[in-house]
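Read through the structure below, which is laid out as structure tokens, and then see the notes.
Position 1 is the first residue of the sequence; numbering continues from there. Note that the structure is a prediction, hence the values are computed from the model and not measured.
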Amino acid sequence: MMPRDGAARIARRALLLAVLVLAALLAFGRSANRPVNPPLSEEQATYEQRLEGMERGRGQHEDLVILAFSGGGTRAAAFSYGVLEALRDVEVTSAGGGKTRLLDEVDVITGVSGGSFTALGYGLYGDRLFELFESAFLKRDVQGALIRRLLNPLNWRALWSAGWSRSELAAQLYDEILFHGATFAELERAGGPVIAVGATELTSGARLVFLPQNFDVMCADLSSFKLARAAAASSAVPVVLSPLTINNYGGRCGYRQPAWLKAFADQSNPPRPAGRILKRLEELERLDDAAQDRYFHLVDGAVSDNLGLRGVLDFLEAFEALRLAGQPTPLDHVRRIIVFVVNSASSPSFDWNNKENSPSAASILVKAAGVPVDRYASESIELLRDIDARWTAQRAIRDSVAFDKKKDPTVAWVANAPNADIYPIEVSFQVLADKEERDYLNQLPTSFALPADAVDRLRAAAKKIVLASPDFQQLLKASGGHVEDNVRKTSVGMR
């Protein structure tokens, strides 16, 4: 048997060797500087951007089509990708009488967390996404690749660098496998739908959407910002991944509120739908003071908006408020606003109510974190329906024989009612008719690694739900029957 002091000497030497190896790795490992987003000059700033920019490049189309992609890791990315595939395979009759894919009619795609990868990917690549997304992202073990990088000692020095973080390491990975150095300038040049992905500002809890309108307030240049960093910020799950830090230059470029927005802010009693706009203005005003807030630390966009739908609600109520104020808007000619709410939130089954013992602390924490998000998601869809019902009622009063524009005190409220109908189309596991399939999808974890079979089942479920949706069928009926479904029903299991 080795003497005790001899064993102690060996242990000390082993510890010293480990310390020396670690010191060497840290000394010769890769250091890193945090990417610094550049400021915006006063010449570059734009002041009259309207309605979050969602009307950009629409022309005179009477339909406004919006896709809202929720969070949920690869589960969300695959489910929202299935929606894109469904819309690609449905033809509609355009205003000119020709045939076009419903996907080509999409004007806006919002996304948070896992849904941001699909949104940014389609905005950047268009139809090329259907060739590369599966192998590049959906069926790749992204989570395993990231963990291996985190455990690689050669990256430890970088991870300890000031301002650099696990999310920057994740952004590097996303850039290598999917975005390949692309920036928002390239996204703009792609000429596709408006892509609005969101993150959450950690200190205030405010939404920060990667749109020029939001970055103008910060006097920050969005055009050179990498898409991979936006995706990393949008999916930076608190604790699991660190916040992604960006610079704020607010107050240095002479930014001014757009005139239409300032008009509501200056009113002592603005039209009621303007309330949501003014709340959003309060959030944005926090971005306008670099002296107080030099940096913003961004985490998962699902924390503040799990469906990516709050911006859409702001947009609709801004549109309504402008109409009621008698101001012209770029959307006055729109007749149908179609919103696909793609909600990939899962609802794993628990047997807590069949047991006397209470659940574990970890289980309670997971459930407590998800309940408020899921509840708000359901309420957001109902808010869409409430807005549509309000507009319909206003038009009914306006068009009634009894309505007197001269005497009725609600003349502005009614006479300027928006002429558009809203079609909220819910795409979620909960509306899937097949209980066995619904239960399977609800058990899928929120991670960035899923089996290939799970990815395929998520895509197929999304197609099935879209085509079987009563709201979607109502939309087809309202279109006068000028829609042809090119999808073979058997391929997606339609009943």
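- Ion pairing between a basic and an acidic side chain is recognised when a charged N comes within 4.0 Å of a carboxylate O; Arg438 and Asp434 show no such pairing.
- The backbone N or O of Asn37 lies less than 3.5 Å from no partner atom in the side chain of Asn247, so there is not a single donor-acceptor pair.
- Between Leu441 and Arg75, the closest heavy-atom pair is O-CD, 4.2 Å.
- Looking only at side-chain heavy atoms (C-beta outward), Ser344 and Ser70 come within less than 4.5 Å of each other.
- Each side-chain hydrogen bond (donor to acceptor under 3.5 Å, both in side chains) pair with one or both residues in residues 112-126, not counting sequence neighbours, appears once here: Ser80-Thr118, Ser113-Asp300.
- In this structure, Phe225 and Phe215 have perpendicular ring planes: the angle between them is above 60°, well past the 30° mark.
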Can you check ring-ring contact (aromatic ring centres under 6.0 Å, His included) on Tyr423 and Phe472, steps first, answer last?
CA-CA 8 Å; Tyr423 291 84; Phe472 187 66; over 10 Å; no
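- Between Phe117 atom CZ and Phe137 atom CZ the span is 4.0 Å, to the nearest 0.5 Å.
- With 3.5 Å as the limit, one finds a donor-acceptor pair spanning the side chains of Glu426 and Ser428.
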Report the C-alpha distance between Thr183 and Ser224 in whole Å, list the side-chain angles of each, state the deciding distance to 0.1 Å, and finish with yes or no for side-chain hydrogen bond (donor to acceptor under 3.5 Å, both in side chains).
CA-CA 6 Å; Thr183 64; Ser224 61; over 6 Å; no
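- For the side chain to side chain contact (heavy atoms under 4.5 Å, CB included) with Ser469, the qualifying choice from Ile425, Val431, Val427 is Ile425, the only one to do so.
- No side-chain donor-acceptor contact under 3.5 Å links Arg207 to the backbone of Asp305.
- Note: Phe130 and Tyr81 meet the aromatic proximity criterion, with ring centroids under 6.0 Å apart.
- Interatomic distance, Asp127 CG to Arg101 CZ, rounded to the nearest 0.5 Å: 4.0 Å.
- To the nearest 0.5 Å, the span separating OG on Ser167 from CG on Leu146 amounts to 8.5 Å.
- Atom CG of residue Leu154 and atom CZ of residue Arg149 lie 12.0 Å apart, to the nearest 0.5 angstrom.
- Within a 6.0 Å sphere centred on NZ of Lys226, heavy atoms belonging to other residues, nucleotides or ligands number 12 at most.
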Evaluation steps, side chain to side chain contact (heavy atoms under 4.5 Å, CB included), between Arg385 and Asp471:
CA-CA 11 Å; Arg385 295 191 171 103; Asp471 292 316; 3.5 Å; yes
